[in-house]
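The first residue in the sequence is number 1, and the count goes up from there.
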Amino acid sequence: MNTDEYLIICNGKNKTAEIESCMYNLETNKYDVIFTNNKNQKIYSYDPKSIEITHSCLKDNDIKDCMDYLKELAAINELKNDDGKILLQQQYEKLNFVSDDTVMHVRFINRKININKKRK
């Protein structure tokens, strides 16, 4: 699965990069998962309680633009490490996935976007 778009936790472990497909089966009420290293395409079924699927909100252009703006702000922060690199900027550069149910998305980014849309 695309690790920039999804986060799939199976039995408490991040398996996103190892999953070829993941679909909910209405007949069994379980998630059917096929792993990339699975040559015979065996389907593994997971109870909804043992799998967690999260989407990244960064696929939304407004949210991505807001995150890019925050990264630009981080780049001008004066707090640096011993090598002279900007600490906050380093942390933002590592950030390529923001769950759509995190506080950052729900309370800050999404709120800012909604306020700006109301002003237009």
Side-chain angles (χ1 to χ4, degrees):
M1 297 292 287
N2 183 342
T3 56
D4 289 339
E5 212 170 319
Y6 299 98
L7 175 66
I8 302 175
I9 308 292
C10 299
N11 294 321
K13 295 182 181 176
N14 182 352
K15 298 287 187 177
T16 312
E18 302 168 36
I19 293 176
E20 183 177 312
S21 70
C22 177
M23 295 180 13
Y24 187 74
N25 185 328
L26 291 172
E27 292 175 11
T28 63
N29 293 323
K30 293 186 178 193
Y31 285 94
D32 291 339
V33 177
I34 298 175
F35 290 92
T36 55
N37 62 354
N38 185 355
K39 293 176 185 160
N40 56 7
Q41 298 289 301
K42 180 179 177 188
I43 297 173
Y44 294 85
S45 294
Y46 286 88
D47 187 90
K49 293 177 184 174
S50 62
I51 191 167
E52 180 183 343
I53 302 170
T54 307
H55 297 90
S56 176
C57 63
L58 295 179
K59 291 300 168 187
D60 180 293
N61 286 333
D62 288 336
I63 294 171
K64 185 175 180 333
D65 289 346
C66 185
M67 183 59 71
D68 289 343
Y69 175 70
L70 292 173
K71 286 180 180 182
E72 288 176 27
L73 288 178
I76 62 173
N77 186 292
E78 296 182 13
L79 185 59
K80 297 179 181 182
N81 65 12
D82 294 337
D83 297 333
K85 294 181 182 175
I86 300 170
L87 291 172
L88 189 56
Q89 181 182 22
Q90 283 183 311
Q91 296 305 312
Y92 268 101
E93 292 306 321
K94 294 178 190 177
L95 194 60
N96 62 356
F97 184 94
V98 176
S99 175
D100 56 9
D101 64 354
T102 61
V103 172
M104 182 175 201
H105 172 252
V106 175
R107 292 281 188 198
F108 180 71
I109 296 175
N110 201 35
R111 181 173 180 219
K112 287 273 189 200
I113 291 168
N114 287 335
I115 288 171
N116 288 337
K117 283 182 180 178
K118 288 178 184 177
R119 289 182 183 165
K120 291 179 182 180

Would you give me the side-chain donor-acceptor pairs under 3.5 Å for residues 3-14, sequence neighbours excluded?
| from | atom 1 | to | atom 2 | distance (Å) |
| --- | --- | --- | --- | --- |
| Asp4 | OD1 | Asn96 | ND2 | 3.4 |
| Asn14 | OD1 | Thr16 | N | 3.0 |
| Asn14 | OD1 | Thr16 | OG1 | 2.8 |

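A salt bridge links Lys64 with Asp68: the distance from a Lys NZ or Arg NE/NH1/NH2 to an Asp or Glu carboxylate oxygen falls below 4.0 Å.
The backbone N or O of Glu18 sits less than 3.5 Å from a side-chain atom of Thr36, completing a donor-acceptor pair.
The environment of Lys59 atom NZ is dense: over 12 non-hydrogen atoms of other residues, nucleotides or ligands sit within 6.0 angstrom. For CD of Gln41, the number of neighbouring non-hydrogen atoms (other residues, nucleotides, ligands) closer than 6.0 Å is greater than 12. In the displayed structure, Asn37 atom CG is contacted under 6.0 Å by more than 12 heavy atoms of other residues, nucleotides or ligands.
Residue Ser99 holds its OG atom at 12.0 Å from CD1 of Ile53, rounded to the nearest 0.5 Å. Put simply, CG on Asn81 and CG on Leu87 are 5.0 Å apart, with the number rounded to the nearest 0.5 Å. Atoms CG and CE, from Asp62 and Met67 in turn, are 13.5 Å apart once rounded to the nearest 0.5 Å. For the atom pair Lys71 NZ and Leu73 CG, the distance stands at 12.5 Å (nearest 0.5 Å). The line from OH of Tyr92 to CG of Asn77 is 10.0 Å long, rounded to the nearest 0.5 Å. Note: Leu70 CG to Leu88 CG = 9.0 Å, rounded to the nearest 0.5 Å.
Met1 and Tyr24 fall within the same hydrophobic cluster, defined by Ile, Leu, Val, Met, Phe, Trp and Tyr side-chain heavy atoms under 4.5 Å apart, directly or through other members. Under the 4.5 Å side-chain heavy-atom criterion for ILVMFWY residues, no single connected hydrophobic cluster contains both Leu95 and Phe97.
The shortest side-chain heavy-atom distance between Ile86 and Lys80 falls under the 4.5 Å cut-off. Side-chain contact between Val33 and Ile43: absent, with no pair of heavy atoms (C-beta onward) separated by less than 4.5 Å. At least one side-chain heavy atom of Cys22 sits under 4.5 Å from a side-chain heavy atom of Ile51.
No side-chain N or O of Asp47 forms a donor-acceptor pair with one of Tyr31 less than 3.5 Å apart.
Listed by chain and residue number, Tyr44 satisfy the ring-ring contact (aromatic ring centres under 6.0 Å, His included) test with Phe35 (two or more places apart in sequence, or in another chain). In this view, Glu72 satisfies the salt bridge (charged side-chain N to carboxylate O under 4.0 Å, His left out) rule with no residue, not counting sequence neighbours.
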